[in-house]
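Below is one structure, written out as structure tokens, with a few remarks after it.
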Amino acid sequence: MQLRYNFRVCPTPAQQQSLARAFGCARVVFNDGLRARQRARENGETYISDGDLSKLVITAAKRTPDRA
């Protein structure tokens, strides 16, 4: 019985660049969300829900010129 599959991905240089950009963006958004929740915890505020965090981090980032 085979329990897992192994795959190898060999993207083209253009695909590598697109993947790096996508993962980089995801990392920045994750770090912003983590920082917002840590800041709220340090200030004794209530836990930021996922929906509020999405509004706070993603929507706000779209409105800034350097992250749009």
Side-chain angles (χ1 to χ4, degrees):
M1 174 186 248
Q2 187 173 4
L3 299 177
R4 63 182 150 173
Y5 296 97
N6 292 326
F7 293 98
R8 180 169 293 198
V9 179
C10 298
T12 64
Q15 290 171 333
Q16 286 178 349
Q17 187 176 18
S18 295
L19 287 170
R21 183 177 173 144
F23 288 125
C25 290
R27 175 87 181 208
V28 168
V29 170
F30 176 81
N31 288 340
D32 288 346
L34 184 62
R35 193 176 307 113
R37 282 188 172 162
Q38 286 175 338
R39 196 175 303 129
R41 184 175 181 198
E42 289 170 358
N43 294 335
E45 300 170 4
T46 59
Y47 181 79
I48 302 174
S49 69
D50 291 340
D52 292 337
L53 190 64
S54 177
K55 290 176 192 173
L56 179 69
V57 174
I58 297 172
T59 307
K62 288 180 182 178
R63 293 187 179 139
T64 58
D66 57 332
R67 291 199 180 171

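Just so it is clear, the model here is predicted, and its values are computed rather than measured. Counting from 1, the numbers follow the sequence of the chain as shown.
- Within the 3.5 Å criterion, the main-chain N or O of T12 finds a donor-acceptor partner in the side chain of Q15.
- Taken from CD1 in I58 to SG in C25, the straight-line distance is 11.5 Å, to the nearest 0.5 Å.
- Here the rule is side chain to side chain contact (heavy atoms under 4.5 Å, CB included) with L53, and of D32, L34, I48 only I48 fits it.
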### Task
Might you work through the salt bridge (Lys or Arg N to Asp or Glu O under 4.0 Å) test for D50 and R37, ending with a clear yes or no?
CA-CA 10 Å; D50 291 340; R37 282 188 172 162; 2.6 Å; yes
